Amino acid sequence: MNTMATRIRLSPAGMCRAERHDVRGWSAQALVWALMFTLALLVAAPVQAQKRIALTFDDVPRSPGAWYSPDERTRRIIAALREGGVRGAAFFVNPGSLAKPEGAGGERRIADYVRAGHVIANHGFSHLALTAVPANAYVADIDRADVWLRGRAGFRPWFRFPYLNEGRDDKVKRDAVRAALAERRLANGYVTADGSDWYLEQRTIEAVKAGKPIDMAALRALYVETQADAADFYDALAVKATGRSPAHVMLMHETDLAARFLPDLIAELKRRGWRFVSADAAFADPIAAQAATIDVPSAQGTLVEAVAWAKGLPAPRWYDGKQLGGWYDARVLKETPAP
């Protein structure tokens with residue numbers, strides 16, 4: 001019979017340490033108490049929830065970027081997701097873009113995403129801003145996209161508001177579209193984290209067209225830093241507002257920057273403790289229920305921002321993308337930032 005038992009003792013540094021002791025001569029009651037004490041320590045130890053995030057890409061098929069053909073861009077994004085172990089990313093589609101010159105071959109590329117294990121969802125047929133059109137015209141545009149999407153492999157019944165614009169301060173229009181989505185059994189394809197990657201892409205396209213020299217290492221660093229910082233910012237805000245870290249939905253776009261730097265971003269998010277989950281898993285998080293009912297003075301932006309606003313948390317409730325212009329000028333173009 002083994003007469004040695006393990007006892008858990010807290011060291012001066014607060015760490016649990018296992019010690020071996022001879023238990024011959026211990027009473028049965030002492031053994032029971034020792035076991036109960038050990039179990040209590042294990043149960044009481046705080047467990048740090050791992051941060052979870054799903055990647056989602058808007059504006060598919062997107063206009064040409066700075067470097068790649070649409071086919072090459074898609075190939076690179078699929079490869080980066082596969083090599084990074086990211087499964088079930090979501091691509092939000094604007095079917096109206098397929099009729100544009102840059103949309104040629106877009107239907108095949110969308111199918112490529114699905115064959116690679118990802119999903120597709122509704123981003124409106126024409127990428128309309130809700131504040132710019134009547135509610136009935138906006139809903140008709142959603143329906144037009146739904147006709148193209150529904151029944152296709154990989155389709156999910158989610159609608160993401162273009163520009164994350166849910167009507168801003170027009171609550172009548174907001175509620176009309178919410179009711180229409182509910183009638184169609186389309187869930188709000190909300191986001192919880194946004195690093196304004198579209199702005200970095202826009203600035204890069206402009207720089208390439210202008211023939212400006214681009215520090216590619218600095219651009220890579222800026223892209224990775226801002227997207228990962230945004231994820232961390234919104235997670236911290238969510239914890240403050242709700243007391244928990246939800247499964248996050250990251251807003252990205254089908255850009256050349258993603259095609260080029262996505263491997264670096266995936267690696268950095270993992271380094272910071274993020275675990276990648278599918279869009280299906282993220283949209284099943286309890287925070288999703290608030291997307292259809294949250295009431296704040298202006299409906300636009302991330303769901304985490306809205307929840308924090310509704311809870312009375314002070315501004316800023318968003319990742320400060322306003323600094324991106326100065327950072328891009330100084331770090332990527334090596335220009336003096338504008339005053």
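In this chain, numbering begins with 1 at the start of the sequence shown. Keep in mind that what you see is a predicted model, and the values were worked out from it rather than measured.
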Nearest heavy-atom neighbours spanning [X] and [Y]:
{"X": "Glu107", "Y": "Arg152", "value": "OE2-NH1, 3.0 Å"}
{"X": "Asp285", "Y": "Arg52", "value": "OD2-NH2, 3.8 Å"}
{"X": "Pro246", "Y": "Ala238", "value": "CD-CB, 3.6 Å"}
{"X": "Pro61", "Y": "Ser97", "value": "O-CB, 3.6 Å"}
{"X": "Phe125", "Y": "Ala145", "value": "N-CB, 3.5 Å"}
{"X": "Thr204", "Y": "Ala66", "value": "CG2-CB, 3.9 Å"}

(message) For His127 and Tyr163, take the angle between the two ring planes, folded into 0 to 90°, and tell me which bin it lands in: parallel under 30, tilted 30 to 60, perpendicular over 60.
(response) perpendicular
(message) So, applying side-chain contact (heavy atoms from CB on, under 4.5 Å) with Gln227, which one of Leu55, Leu222, Leu269, Leu200 is it?
(response)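 Among the candidates, only Leu200 passes.
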(message) For Ile214 and Leu333: C-alpha separation, side-chain torsions, deciding distance, then whether side chain to side chain contact (heavy atoms under 4.5 Å, CB included) applies.
(response) CA-CA 6 Å; Ile214 295 175; Leu333 300 181; 4.2 Å; yes
(request) Evaluate whether atom CZ of Arg144 has more than 12 neighbouring non-hydrogen atoms of other residues, nucleotides or ligands under 6.0 angstrom away. (result) no
(message) Counting neighbours of NZ on Lys334 that are heavy atoms of other residues, nucleotides or ligands and sit closer than 6.0 Å, is the number greater than 12?
(response) yes
Can you tell me how far [atom2] of [Y] sits from [atom1] of [X], rounded to the nearest 0.5 angstrom?
{"X": "Asn165", "Y": "Arg174", "atom1": "CG", "atom2": "CZ", "result": "12.5 Å"}
{"X": "Leu149", "Y": "Ile110", "atom1": "CG", "atom2": "CD1", "result": "7.5 Å"}
{"X": "Tyr234", "Y": "Asp194", "atom1": "OH", "atom2": "CG", "result": "5.5 Å"}
{"X": "Arg62", "Y": "Trp198", "atom1": "CZ", "atom2": "CH2", "result": "9.5 Å"}
{"X": "Asp59", "Y": "Phe92", "atom1": "CG", "atom2": "CZ", "result": "11.0 Å"}
{"X": "Ser196", "Y": "Tyr319", "atom1": "OG", "atom2": "OH", "result": "9.0 Å"}

(message) For the aromatic rings, using the six-membered ring if either is Trp, is the centroid distance between Phe283 and Tyr190 under 6.0 Å?
(response)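 Distance test on ring centres: under 6.0 Å, yes.
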Are the side chain of [X] and the backbone N or O of [Y] linked by a donor-acceptor pair below 3.5 Å?
{"X": "Ser126", "Y": "Leu128", "value": "no"}
{"X": "Glu166", "Y": "Ala299", "value": "no"}
{"X": "Thr192", "Y": "Val249", "value": "yes"}
{"X": "Asp141", "Y": "Gly124", "value": "no"}
{"X": "Asn94", "Y": "Gly96", "value": "no"}
{"X": "Lys311", "Y": "Lys240", "value": "no"}
{"X": "Asn122", "Y": "Ile142", "value": "yes"}
{"X": "Thr131", "Y": "Gly167", "value": "no"}

So do [Y] and [X] actually touch side chain to side chain, heavy atoms under 4.5 Å?
{"X": "Arg115", "Y": "Ile78", "answer": "no"}
{"X": "Arg73", "Y": "Arg76", "answer": "no"}
{"X": "His253", "Y": "Glu201", "answer": "no"}
{"X": "Val60", "Y": "His123", "answer": "no"}
{"X": "Arg203", "Y": "Trp327", "answer": "no"}
{"X": "Glu102", "Y": "Ser63", "answer": "yes"}
{"X": "Gln300", "Y": "Leu130", "answer": "no"}
{"X": "Thr56", "Y": "Trp158", "answer": "no"}

(message) Go through it in stages, so that I can follow the logic: the residues are Leu81 and Phe276, the test is side chain to side chain contact (heavy atoms under 4.5 Å, CB included), and I'd like the CA-CA distance, side-chain angles, deciding distance and then a yes or no.
(response) CA-CA 10 Å; Leu81 294 172; Phe276 290 96; over 6 Å; no
Is there a path of hydrophobic side-chain contacts, each under 4.5 Å between heavy atoms, that joins [X] and [Y]?
{"X": "Val277", "Y": "Ile120", "value": "no"}
{"X": "Val332", "Y": "Ile205", "value": "no"}
{"X": "Val239", "Y": "Phe233", "value": "no"}

(request) Test Arg75 against Glu72 for salt bridge (charged side-chain N to carboxylate O under 4.0 Å, His left out), laying out the working first. (result) CA-CA 5 Å; Arg75 187 192 70 75; Glu72 177 67 6; 2.8 Å; yes
Basic-acidic side-chain contact under 4.0 Å: [X], [Y]:
{"X": "Asp229", "Y": "Arg272", "answer": "yes"}
{"X": "Asp146", "Y": "Arg150", "answer": "yes"}
{"X": "Glu225", "Y": "Arg331", "answer": "yes"}
{"X": "Asp58", "Y": "Arg160", "answer": "yes"}
{"X": "Glu268", "Y": "Arg220", "answer": "no"}
{"X": "Lys212", "Y": "Asp329", "answer": "no"}

(request) Carefully, step by step, assess Asp143 and Arg184 under the rule side chain to side chain contact (heavy atoms under 4.5 Å, CB included). (result) CA-CA 9 Å; Asp143 288 341; Arg184 289 156 176 76; 2.6 Å; yes
(request) Check ring pair (Phe, Tyr, Trp, His ring centres under 6.0 Å) between Trp274 and all other residues, then give those that pass, not counting sequence neighbours. (result) His248
(request) Would you please say whether a donor-acceptor pair under 3.5 Å links the side chains of Thr74 and Tyr68? (result) no
(message) Side chains of Tyr113 and Arg109 only: does a donor on one sit below 3.5 Å from an acceptor on the other?
(response) no
(request) Determine, step by step, whether Phe91 and Val119 satisfy the side chain to side chain contact (heavy atoms under 4.5 Å, CB included) criterion, reporting the C-alpha distance in whole Å, the side-chain angles of both residues, the deciding distance to 0.1 Å, and the verdict. (result) CA-CA 6 Å; Phe91 292 82; Val119 300; over 6 Å; no
